Protein chains: 2
Amino acid sequence: MESPMSSKVIELPSLEALGTRLAAMDTVDPASAKGRLLQTAAHLFHVRGFDRTTVRDLASAVGIQSGSIFHHFKNKDEILEAVMHDTIVFNTRLVIDALRASASLQDQLLALIRCELESINGVTGEAMNVLVFEWRNLPEDKQSRILKLRDIYESLWLGVISEACREGLLRGEPFVIRRLLTGALSWTSTWYRKDGGLSVAQLAEQVLQMVICQPVPRA
Amino acid sequence: MESPMSSKVIELPSLEALGTRLAAMDTVDPASAKGRLLQTAAHLFHVRGFDRTTVRDLASAVGIQSGSIFHHFKNKDEILEAVMHDTIVFNTRLVIDALRASASLQDQLLALIRCELESINGVTGEAMNVLVFEWRNLPEDKQSRILKLRDIYESLWLGVISEACREGLLRGEPFVIRRLLTGALSWTSTWYRKDGGLSVAQLAEQVLQMVICQPVPRA
DNA sequence: GTCTATAGAAGGATAGAC
DNA sequence: GTCTATCCTTCTATAGAC
């Protein structure tokens with residue numbers, strides 16, 4: 001039951017260094033023609049799925065002809081890659097900022113949960129869902145590029161969870177806890193609605209309360 | 001934060017009546033030509049996705065020609081529907097049996113978690129993953145038929161969770177708890193491996209321990 | 001940066017023989 | 001229950017004009 005990794009101490013990476021690294025990555029300007037194309041693509045890939053969205057669908061949704069798409073992207077796969085890349089960079093930046101602003105370990109944990117819920121159910125929700133649920137449609141060589149970014153994001157989660165386990169705030173194997181949470185949080189896109197009487201912050205609190213051992217009462 | 005439904009008492013349906021109802025539903029004989037077709041379809045739909053699996057792929061995987069598929073199914077969608085239908089019926093039967101064999105409320109909760117993990121990671125794993133992750137590829141009229149079966153399955157979960165909330169074993173809104181668990185458990189198919197040193201029963205215990213309030217020590 | 005026109009490939013489904 | 005042959009549609013991607 002005990003993973004061989006559980007004895008190794010996992011450290012939270014330097015937030016300053018990561019912040020600098022993420023700031024240096026470039027993403028498509030959302031106001032440009034290419035940027036509007038990406039937002040529309042994220043929307044269509046989310047509601048219909050990547051396979052069932054044709055370049056004709058995408059073109060007509062932004063008001064151009066299908067051939068014009070290929071001025072911006074070499075092929076359809078590249079559109080998917082760009083959606084995923086820009087989304088993960090954007091949300092990793094948010095997480096780094098939120099962790100920097102958190103005073104305690106429990107606050108960091110809550111910040112991670114809240115950020116992930118926000119990324120999945122907020123303005124980047126459609127793109128995040130594409131990242132999670134259309135993963136297998138990305139060709140392998142393009143997967144590896146995105147995986148490097150995902151590793152950075154995951155290292156933040158694992159750093160905080162591991163420390164929380166050492167402090168007795170969480171119980172169990174950090175990798176297992178993270179994966180259970182990944183599933184629970186990403187699945188919220190299928191049922192959670194912001195106008196349903198439960199705010200993202202409240203939902204985040206409920207998730208935190210469900211998993212921590214000795215909940216510290218909050219103001 | 002409080003849902004208007006939380007005041008209504010949700011009861012666990014009669015297991016005897018449901019058992020009889022489920023026994024009456026007919027499913028395809030796995031040993032028949034059609035049954036082998038369904039198993040192969042579940043496999044291919046799982047690894048490649050429904051859209052990227054062609055009827056030619058499926059035909060050659062079972063060793064027949066593509067035209068022969070349409071002797072068994074009117075169209076490709078019907079294959080997907082049959083995979084989903086038979087899987088949910090099969091697993092609902094297992095859950096009913098497991099609940100009947102559980103002595104305490106905590107045992108029932110553990111049984112539900114273990115059954116769902118088993119259905120997702122055991123012999124019906126590929127078909128269950130198709131049910132969860134290829135849902136949107138099922139045409140709407142066919143969705144409603146499967147949804148009726150899913151409602152039965154979900155009523156078992158909600159009955160037990162609601163009672164557990166009343167007893168103080170779980171904390172929070174039953175619908176929210178169920179949905180968080182749905183995500184956490186279905187996501188295990190992306191990372192859990194039976195040969196990784198953690199059995200399904202152990203994983204189920206870890207999930208239970210993570211969510212219950214006053215864990216009762218177990219033999 | 002967008003248009004028109006179209007090449008070229010692949011997929012779902014049918015018909016009738018065996 | 002499976003085969004062969006094939007129709008028809010849909011889709012990605014290219015080429016070259018504006």
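Remember, it's a predicted structure, so these values are computed and weren't measured experimentally.
Checked by atom type and distance alone, the side chain of B:Glu126 never pairs as donor or acceptor with a backbone atom of B:His46 at under 3.5 Å. With A:Thr124 contributing its side chain and A:Ser119 its backbone, the two residues share a donor-acceptor pair below 3.5 Å.
Following rounding to the nearest Å, B:Ile69 (CD1) and C:dT14 (C1') show an atom-to-atom distance of 15 Å. Remark: C1' of D:dC11 and CG of B:Asp51 are 13 Å apart, rounded to the nearest angstrom. One can place CG of A:Asp77 at 16 Å from P of D:dC11, the figure rounded to the nearest angstrom. Rounded to a whole Å, the CD atom of B:Gln65 is 17 Å from the P atom of C:dC18. In this structure, the CD1 atom of B:Ile79 is 12 Å from the C1' atom of C:dA13, given to the nearest Å. Going from atom CZ of B:Phe70 over to atom C1' of C:dG16 covers 16 Å, rounded to whole Å. In this structure, B:Leu58 atom CG and C:dA13 atom C1' are separated by 14 Å, rounded to whole Å. Spacing between atom CZ of B:Arg56 and atom P of C:dA9 amounts to 14 Å, rounded to whole angstrom units.
Comparing C:dA13, D:dA13, C:dT2 against the side chain of A:Lys76 picks out D:dA13 as the nearest.
Nearer to the 5' terminus of DNA chain D, by closest-nucleotide assignment, is the contact made by B:Ala33 (compared with the other of B:Ala33 and A:Ser68).
By the 30° and 60° cut-offs, the orientation of the rings of B:Phe133 relative to A:Phe133 is tilted.
Listed pair A:His71 / C:dG1 meets the phosphate criterion, a side-chain N or O lying under 4.0 Å from OP1 or OP2.
When heavy atoms are screened at a 4.0 angstrom cut-off, A:Thr53 is found touching the sugar-phosphate backbone but no base atom.
Within the 4.5 Å cutoff, no side-chain heavy atoms of B:Asp77 are placed close to those of B:Asn137.
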